[in-house]
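Convention: sequence-line order gives letters A, B, ...; per-chain numbering from 1.
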Protein chains: 2
Amino acid sequence: MARHSILDTLNDSLRKDTLEGLQAMRFPPGQVLFSAGEHCRGLPLVLAGSIKVQMTGVSGHSIVLYRMGADDICTLSIGCLMTGRGYRAEAIVEDEAEAAIIPRGLFDRLMDQSAEFRLGIMESYGRRLDDLMLLVEEVAFHRMDERLEEWLQARAAGGQNVLNITHQELAVELGTAREVVSRLLKELERRGQVRLARGRVELTGLLKTASLA
Amino acid sequence: MARHSILDTLNDSLRKDTLEGLQAMRFPPGQVLFSAGEHCRGLPLVLAGSIKVQMTGVSGHSIVLYRMGADDICTLSIGCLMTGRGYRAEAIVEDEAEAAIIPRGLFDRLMDQSAEFRLGIMESYGRRLDDLMLLVEEVAFHRMDERLEEWLQARAAGGQNVLNITHQELAVELGTAREVVSRLLKELERRGQVRLARGRVELTGLLKTASLA
DNA sequence: CGGGTTCAGTGATAAAGTCACACAGGCAAA
DNA sequence: TTTGCCTGTGTGACTTTATCACTGAACCCG
């Protein structure tokens with residue numbers, strides 16, 4: 001956990017002020033950091049854990065846009081803070097997270113006085129932009145069965161072979177309907193690639209034999 | 001054309017340096033500012049005109065991600081400049097554009113010395129993020145016929161009732177296949193809402209009678 | 001005017017989204 | 001323990017969108 005933090009780059013005086021000015025907090029999984037329409041109350045800087053950001057369309061359907069991890073600044077919040085408009089998406093803690101809320105004034109000072117901090121912000125923005133561009137491409141052009149398999153595969157790569165997740169939650173991850181996920185999973189089960197139970201997907205056979213990278 | 005530029009916010013000395021350091025250029029419609037894979041050679045600051053940014057998926061299909069207009073900094077270029085990676089998308093001039101290329105050094109100086117410039121950058125980033133989030137929602141959850149009608153409507157709102165555009169280009173705007181656009185347009189023509197000709201869509205009847213805002 | 005190139009139209013079929021409803025598992029109150 | 005109830009899952013029927021494989025029309029240019 002001795003991760004290199006963006007705050008380590010600050011010089012001593014600035015660092016001292018910063019550490020005084022912000023309040024690190026822990027958030028349990030499931031906690032909602034902010035939801036759509038709400039107004040911004042400071043800039044979350046994620047120190048550890050994982051937070052997913054998802055939005056709900058006028059249709060009532062939701063989709064996960066991206067995830068924030070250690071050293072990410074919530075770029076969405078910057079926008080809301082600047083423009084004064086409400087959030088367009090919501091943020092939900094996934095893995096127990098630690099985050100510091102940076103007040104507006106401190107943010108402005110850091111931007112003014114630390115080139116490294118600025119760089120960190122730009123990097124966060126860059127990642128978000130990249131994530132979203134990739135997502136657009138995925139949603140617009142990729143087949144659902146492949147996306148589902150890839151998603152499961154990616155999760156499994158983290159060592160987990162048994163995922164505790166409902167079809168509905170998977171549907172939100174992929175931005176599709178629950179029925180579609182159900183059918184695709186059923187098909188995978190028929191092929192012996194997964195085993196299904198209520199709220200559980202166990203990966204058995206290797207999916208995506210075509211990973212010939 | 002006496003638009004308020006982000007450069008106007010700089011103090012005299014900085015402004016002088018800036019105007020010396022950058023080279024404003026004109027670009028004709030169709031000109032490619034950068035394409036996928038290419039490396040960044042400076043930060044375009046759009047002064048006038050309109051530039052569309054689109055990406056091509058592995059599938060070979062393309063989709064327009066967003067447009068840059070006056071006072072927009074190309075946020076994509078910032079990312080490429082910072083990370084040294086190539087562009088993931090391409091930028092094509094739509095309406096004759098004027099843009100200044102800001103060299104890396106000058107950008108760093110401006111970021112360091114002008115809070116207003118920083119604010120401008122953040123705003124550009126915020127807009128892009130917003131555009132992309134909206135696009136994801138559109139692509140994931142909206143029906144193609146509605147999206148097409150809305151797109152045409154939005155264009156027509158600019159005073160133009162005759163659009164010189166091919167079905168293929170429309171398909172890229174919406175991130176779908178040419179055939180789909182052809183069929184939907186044909187249906188609109190049957191209903192008397194548009195008149196079609198090679199490379200041309202004329203809006204006749206009012207589309208989207210359901211604009212009961 | 002012929003011949004090539006770019007655009008547009010269309011049928012057949014597969015994939016994905018929508019709607020409606022049946023049923024199963026787990027939990028808690030009766 | 002049984003009875004509901006709520007949440008999660010399975011599925012049929014149908015619509016919309018994507019894909020593939022063509023055909024033919026409009027335009028450009030030698």
Side chains of B:E90 and B:S35 only: does a donor on one sit below 3.5 Å from an acceptor on the other? no
Using whole Å, report how far NE2 of A:H142 lies from C1' of C:dA16. 16 Å
Can you tell me how far P of C:dA16 sits from CG of A:L174, to the nearest Å? 11 Å
Worked verdict on A:E187 versus A:R191 for salt bridge (Lys or Arg N to Asp or Glu O under 4.0 Å): CA-CA 6 Å; A:E187 177 59 25; A:R191 288 199 234 136; 3.5 Å; yes
Evaluate the criterion salt bridge (Lys or Arg N to Asp or Glu O under 4.0 Å) for residue pair B:K186 and B:E179; output intermediate values, then yes/no. CA-CA 10 Å; B:K186 211 65 195 162; B:E179 300 92 307; over 6 Å; no
Using a strict 4.0 Å threshold on nitrogen-to-oxygen distance, state whether A:R67 and A:E94 make a salt bridge. yes
Between B:L184 (CG) and C:dG9 (C1'), how many Å, whole number? 13 Å
Once you round it to whole Å, what is the distance between P of C:dA8 and CG of B:L185? 9 Å
Salt-bridge criterion met for A:E202 and A:R200 (N-O under 4.0 Å): yes
Decide if atom CZ of B:R104 counts as having more than 12 heavy atoms of other residues, nucleotides or ligands within a radius under 6.0 Å. yes
Can you check the A:H167 NE2 to C:dT18 P distance for me, whole Å? 18 Å
Quick one about B:H142 and B:E137 (side-chain donor to acceptor, distance below 3.5 Å, no hydrogens or angles considered), yes or no? yes
Aromatic rings B:F34 and B:Y87: how do their planes relate, parallel, tilted or perpendicular, breaks at 30° and 60°? parallel
Taking five pairs at each end of the helix from C:dC1-D:dG30 to C:dA30-D:dT1, what angle separates the two helix axes (nearest 10°)? 20°
Given DNA chain D, 5'-ward residue of the pair A:F141 and A:R200, judged by closest heavy atom: A:R200
Quick one: does any side-chain atom of B:S124 pair with a main-chain N or O of B:I73 as donor and acceptor, under 3.5 Å? yes
Where does the angle between the aromatic ring planes of B:Y125 and A:Y125 fall among parallel (under 30°), tilted (30 to 60°) and perpendicular (over 60°)? parallel
What is the nucleic acid contact for A:H61, judged by heavy atoms within less than 4.0 Å: base, sugar-phosphate only, or nothing? sugar-phosphate
Given atom CD1 of B:I165 and atom P of C:dC7, what is their separation to the nearest angstrom? 12 Å
Below 4.0 Å from chain A heavy atoms, what is the first contacting nucleotide of DNA chain D and what is the last? D:dT7 to D:dA13
Atom pairs under 3.5 Å, N or O on each side, protein against nucleotides 20-28 of chain C: can you list them with distances?
from: C:dG25; atom 1: N2; to: A:R198; atom 2: NH2; distance (Å): 3.4

How do A:Q168 and B:A177 order along DNA chain D: which one's closest nucleotide is nearer the 5' end? A:Q168
Quick check on DNA chain C: between B:A140 and B:T166, whose nearest nucleotide comes earlier from the 5' end? B:T166
Atom-pair distance (CE on B:M144; C1' on C:dA16), nearest Å: 13 Å
Check the distance between C:dC7's P and B:L163's CG and give it to me in whole angstrom. 16 Å
Show your reasoning for whether salt bridge (Lys or Arg N to Asp or Glu O under 4.0 Å) applies to B:R127 and B:D131. CA-CA 6 Å; B:R127 265 196 300 276; B:D131 289 347; over 6 Å; no
Will you find, in the side chains of A:S182 and A:R178, an N or O donor that is under 3.5 Å from an N or O acceptor? yes
